[in-house]
Every structure is written in C-alpha cells, then in structure tokens.
Amino acid sequence: MAEKLALMRDAYGETLVELGRRNNNIVVLDADLSPSTKTSLFAKEFPERFFDVGVAEANMISIAAGLASVGKIAFASTFAVFGVEKGLNQFKQSVAYPNLNVKLVTTHGGISVGEDGSSHFCIEDLAVMRSLPNVTVIVPADAVETRVATRAIAEHFGPVFMRLSRPKTPLVYDDGYRFMGKELKFEIGKSITLREGRDVTILATGLMVAESLLAVQELAKEGIDAGVINFHTIKPIDREAILRAATSTGALVTAEEHNVIGGLGGAVAEVLVEENPVPMVRVGIQDTYAESGPWRELFAKYGLTSSDIVKAVKKVLKRRGR
Amino acid sequence: MTPFDQKTAPHDERLIKKLSEIALTIRRNSLIMTTKAASGHPGGSLSCADILAAIYFHQLRYDPENPNWGGRDRFILSKGHAAPAFYAALAIAGFFPTEELWKLRKLGSMLQGHPDMRKTPGVDASTGTLGQGLSIGVGMALAFRLDGKDNRVYVLLGDGELDEGQVWEAAMSAAHYKIDNLTAIVDYNRQQLSGCTEKIMNLEPIVDKWKAFGWHVIQIDGHDMKQILDALDEAEKIKGKPTVILAYTIKGKGVPMLEKLFLAGDCKYHGTPLTETELARALEELYG
Ligand SMILES: Cc1ncc(C[n+]2csc(CCOP(=O)(O)OP(=O)(O)O)c2C)c(N)n1
C-alpha cells in the first residue's frame with residue numbers, strides 16, 4: 001500500500017480560513033514565518049485580521065494576549081522552537097496565568113524539521129507546555145486530524161498549545177476523520193483507540209502514530225498482538241485509557257518525537273506509577289541534541305522508527321514475562 | 001602577511017581585487033552548497049558575501065591551523081541562516097577542506113544547517129535562533145576587557161533580525177558598559193523571510209535608533225569593498241562606545257534573477273535553493 005502523504009500545515013492554514021469565514025472574532029498572528037506556517041492563507045483572505053509582527057515571538061504572544069482579553073480568539077503561529085522557547089514566559093505570564101483564549105499553534109515540532117538542524121528542532125515543547133497550569137496540549141497525528149483539532153481548539157475556551165510538523169507526513173486517517181471505515185469524533189482529552197491488542201499497547205502521539213501502526217504489522221509477523229492508542233491530547237491526559245490499557249495488556253510502550261523526558265512518556269508514567277505500575281518502555285529521543293539531515297534518516301538514527309517500537313515492545317514484554 | 005594579522009595591509013587596488021574575488025567564490029560556493037543540500041538560504045548568504053570576505057581575509061585575527069588559539073578575534077554570525085556564506089569563507093580560510101561544503105545539511109556532516117560551535121572548526125558561537133548574537137558578543141567583549149586582552153568581536157546581524165527585542169537589550173547594554181572592542185554589522189538588505197522589512201516591520205529611522213541607544217553609526221554600501229574596509233577600521237578607532245556599521249546591501253546580490261525577485265518583494269529564495277537548471281544559469285551570470 002503506497003503511503004498517502006499530506007502537510008499538516010496546509011490543513012491548518014485552510015482550516016483557519018474556514019474558521020475566519022464563520023467567525024469575525026478569529027484573529028491570526030505570525031512572526032515572519034507565514035509562508036511556512038501557512039497562516040499566509042488567512043492573511044490573504046483577511047488582511048485586516050492578520051498581524052505579522054516580524055521576527056518577534058515574545059511580542060507576538062503578548063499581543064495575542066491583549067487581543068484575547070478584549071474578546072478575540074487569537075491564533076499565534078511560528079515554528080515550535082521559537083514560539084515555545086522565545087515566548088515561554090510571555091505565554092505563561094500574559095496567556096496561561098490569566099487563562100486567556102490564545103491558541104499557540106506551532107509548526108516544525110520535533111526533529112522532522114530535518115536539514116535546518118538542532119537550532120530549529122523542538123524536543124521539549126510538550127514537557128514545557130504540559131507543566132503550565134490552564135494549558136491544553138494537542139499533537140495531531142496527520143493532516144486530517146489537524147483539521148478537526150484546529151476546529152476543536154477554536155471552540156474550546158482557554159490557552160492551547162498545538163504542535164504541527166514540517167514535512168509531508170503519512171496519513172493515518174481518511175478524509176472526514178475516518179479510520180478503517182469508521183467515522184471518529186475528535187474530543188479534546190479523549191484518546192483514540194486505533195487498534196485493540198492482546199499482548200501490549202502502544203501509546204503514541206504525532207508522527208509516531210503512523211510508525212506505531214507499522215510496528216503492529218511487524219509484530220504480528222512474530223505472533224505479537226499489539227494495540228495502538230493515539231494520544232492527540234497530551235494534556236489533559238486520558239487517564240482512563242491509560243489505565244484500561246494497563247489492565248488489559250499489562251505492558252505499555254509510549255512513542256513520541258520528543259525527548260523521553262517529560263512528554264507523553266512522562267505523562268503516562270505519572271499515571272501508572274500512582275495507579276497501576278505495570279512495566280512500560282519509552283520510545284523517544286534519548287536526551288540528546290540531534291543534527292541536520294533528511295528527517296527519515298534522522299528518525300532512523302535517533303530511534304524513532306517502527307523497528308525501534310518493535311524493540312521496545314520486546315523489551316517490555318520480557319519485563320512483564322509472557 | 002601572517003595568517004594571524006592581515007589588517008595592516010593598505011586598502012589599495014590589489015587588496016580590493018583580492019577580496020572581491022574571494023567574495024565571488026563565497027557567492028558561488030553558497031549557491032552550489034544549497035542546491036546540493038536541496039535546502040538552505042541563498043538570498044541572505046549572497047548579501048553578506050563582501051562583508052565576510054573583508055572580515056575573514058583582512059580584518060580578523062585567527063589561525064586556521066589552531067582554531068582555538070587564545071589570541072583570535074571572534075566573529076559571530078548572528079543571522080545564522082547565512083551559514084552557507086560563512087562556511088564558504090571558513091573553507092577558503094583553511095579551517096576545513098572545501099569538500100566538506102558539499103556535505104552541508106547531510107547526516108553526519110560537520111556543517112549543520114545553522115552554525116554549531118561544537119561541530120565546526122572556526123565557528124565560535126552556535127546560532128540559528130535570531131536575536132542572540134549581539135548579546136553573546138557583548139559577553140565576549142566584556143570577558144576580553146576583564147582579562148586586559150585586545151581581541152576584537154564582530155557580530156553580523158540581519159535587518160529582519162532587528163525585530164527581536166533582545167537585539168535592543170544587547171544594544172543598550174553594550175553602550176551602558178561602554179564596549180568599544182565590538183563591532184556590529186547590519187546586513188541591511190531590506191528584506192526578511194516573508195517580505196520587505198518596510199512592509200513587515202518598519203525599522204526606520206534606523207540610524208536614529210542606534211544613535212539613541214548610544215552607538216556610533218557608520219553607513220556604507222555593503223558591496224563596496226573599500227567602504228567596508230574603511231568602516232571596519234573606523235570602528236576600531238572609536239573609543240568609549242560601541243560601533244555599528246549599517247551596510248546597505250542587496251538580497252540575492254550577484255545573481256540578477258534573484259536580485260530582481262527580491263527587489264520586487266518576492267522572498268521565495270530567502271529559504272529555497274536554486275534548482276540545478278537555475279544554478280547553472282546563475283553561475284554563468286554571477287558577478288560582484
Ligand atoms: C527567533 C527566530 N525566529 C524566526 C526565525 C526564522 N527565520 C529565519 S531567517 C528569517 C528572516 C530573517 O531576516 P533577516 O534578518 O533580514 O535576514 P536576511 O534577509 O539577511 O536573510 C526568519 C524569520 C529564526 N531563525 N529565528
């Protein structure tokens with residue numbers, strides 16, 4: 001089966017335009033990256049509701065806070081590394097603390113940024129954003145999920161951080177948010193079980209959802225029946241789904257394009273350790289800075305492929321004893 | 001002429017010819033590198049090629065055989081996306097073989113998409129996130145002064161980069177500490193990533209801004225080698241305050257097709273390399 005690829009960024013930009021048509025209160029900000037983040041699509045149709053503040057991310061986030069405090073729904077976009085890191089205190093102080101309706105939607109999350117290298121990677125965004133009270137953290141798995149997620153966060157009142165990716169990535173879902181023919185509903189905080197498994201459950205987010213589905217096929221060849229849950233919401237984390245998986249398979253693997261510290265793996269471990277400490281193994285970047293290169297090659301070198309998930313599954317099954 | 005100190009050479013025809021030829025090589029290699037890497041930033045690499053040639057082959061004190069030599073001056077490419085031009089200059093200077101250039105942005109390469117001081121000999125500051133180089137430079141300048149050393153610090157900034165508040169925090173602190181062993185150079189090509197600076201975020205009156213922040217300001221044509229050299233010398237003579245050289249440049253300089261697009265406000269080639277066919281034509285037409 002040939003992989004179908006699409007840009008999450010296109011889906012984001014197009015959905016912003018759709019939202020803008022429906023709601024005059026939607027405003028969009030960018031920091032000199034609109035051709036990349038695709039807020040350029042919104043800028044073209046609604047120039048009076050679009051503000052490019054130049055290369056000034058901190059300024060952008062606090063301006064968004066001001067707009068939101070007067071009743072606007074403010075979407076602010078740039079690359080993850082700049083939005084999260086250059087505007088972190090602004091996001092905490094002017095947005096999260098007063099619980100304002102700002103959506104920080106950053107593209108170029110993780111290391112799939114590729115050739116630009118470590119200065120442009122962001123492998124800490126989930127850990128950082130997850131630890132801010134009031135903030136909802138979303139990571140769509142593909143372009144289709146990006147569309148429904150963008151609509152959902154516009155509906156949701158309050159600060160949101162959403163991470164998108166740079167490259168064209170494999171589609172997990174079919175148009176209209178369907179998986180294996182079944183129509184799904186996107187609810188913030190409710191994970192999506194893509195596949196039930198008897199032996200082990202893989203809890204994945206973002207680009208690692210597609211890798212997890214590939215891993216399922218590889219594992220099946222060895223007689224291992226693995227389930228996959230897509231955690232499109234990192235916060236609030238779907239505790240029930242984690243605990244259900246812990247009870248049903250007794251062994252979990254988390255998979256994320258993020259440092260193994262503090263992201264999805266961290267969130268899942270926090271739940272398990274307090275409720276039902278079954279064995280788990282984290283797939284992710286092993287607390288290191290990666291480097292420039294094509295993103296698929298980086299995924300191979302830095303342990304983010306389906307075969308890394310397969311290895312992790314074997315390790316966790318050994319620990320559980322099967 | 002020792003590799004450690006070249007700046008005593010007079011600013012004569014011979015020197016200017018030599019530096020202009022080097023600038024041309026920097027331009028050529030920046031274009032080839034980015035096309036080979038199928039990614040990277042041609043526009044802002046071309047606009048600063050003359051400045052880099054003047055700095056690396058006349059003004060800066062360094063020893064390519066010993067990149068960590070304590071007596072070296074420091075150069076910081078604050079607009080880190082112009083790494084191709086920077087790497088091309090470092091290769092000519094002898095910090096690493098020219099062949100390394102063709103591995104730009106590939107897995108395992110010493111040449112990262114943006115400057116990395118732990119991977120590339122000759123790189124003294126890791127940059128890529130805009131807005132930080134001037135602050136790093138202020139720190140270096142303070143350290144040299146504390147140690148009673150005469151090393152100088154050069155920081156190259158983009159004009160779009162001046163949108164970052166941190167640049168002005170650094171500017172204020174450099175004047176406050178009366179730093180005169182640092183020269184800032186702004187590659188004022190009047191374009192940023194998504195359009196002209198005038199349209200995205202107007203910087204004018206830029207001279208008044210730097211002056212109000214306590215800086216000595218020199219304005220030059222950033223493609224006139226004599227003016228660049230004279231400005232770099234003048235900056236060293238100013239005592240008790242920092243100096244900024246506002247270098248008026250053209251984004252895409254040297255490739256008529258790119259110059260035309262940028263001047264018309266089309267910034268496609270800010271972060272998109274030329275195709276093989278475009279490259280062949282650009283190399284034929286390349287000048288300056
Ligand atoms: C903090 C930060 N925000 C955004 C970017 C993405 N970016 C790369 S280059 C660029 C435009 C820079 O314009 P300018 O400084 O004028 O550079 P030049 O035109 O000389 O290439 C932007 C926004 C970045 N590298 N760093």
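Chain naming here is simple, since letters A, B, ... match the order of the sequence lines and numbering starts at 1 in each.
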Determine, stepwise, if the pair B/D163 / A/V53 fulfils side-chain contact (heavy atoms from CB on, under 4.5 Å). CA-CA 8 Å; B/D163 296 348; A/V53 301; over 6 Å; no
Stepwise salt bridge (charged side-chain N to carboxylate O under 4.0 Å, His left out) test for A/K86 and B/E164: CA-CA 10 Å; A/K86 299 213 68 149; B/E164 288 286 356; 3.6 Å; yes
Counting only heavy atoms not in A/Y289, do more than 12 sit closer than 6.0 Å to its OH atom? no
salt_bridge(A/E291, B/K119) N-O dist < 4.0 Å: no
Pick one of side chain, backbone, both or neither for B/H270, based on which atoms fall under 4.5 Å of a heavy atom in chain A. neither
Is there a donor-acceptor pair under 3.5 Å between the side chain of A/D32 and the backbone N or O of B/L193? yes
Please report the shortest heavy-atom distance between A/G54 and B/Q192, naming the atom on each side. CA-NE2, 4.0 Å
For A/P35 and B/S194, which heavy atoms make the closest approach, and how far apart are they? CD-CB, 3.6 Å
Which of B/V167, B/L130, B/T129 passes side-chain contact (heavy atoms from CB on, under 4.5 Å) with A/V55? Answer is B/L130
Engaged part of B/T197 at the chain A interface, taking heavy atoms whose separation is under 4.5 Å: neither
Check whether B/Q112 reaches the backbone of A/S292 with its side chain - one donor and one acceptor, N or O, closer than 3.5 Å. yes
B/R105/A/D116 salt bridge by N-O under 4.0 Å criterion: yes
Does CD in B/E198 sit with more than 12 non-hydrogen atoms of other residues, nucleotides or ligands closer than 6.0 Å? no
Pick from A/G117, A/A290, A/A56: which one has the most heavy-atom pairs with chain B under 4.5 Å? A/A56
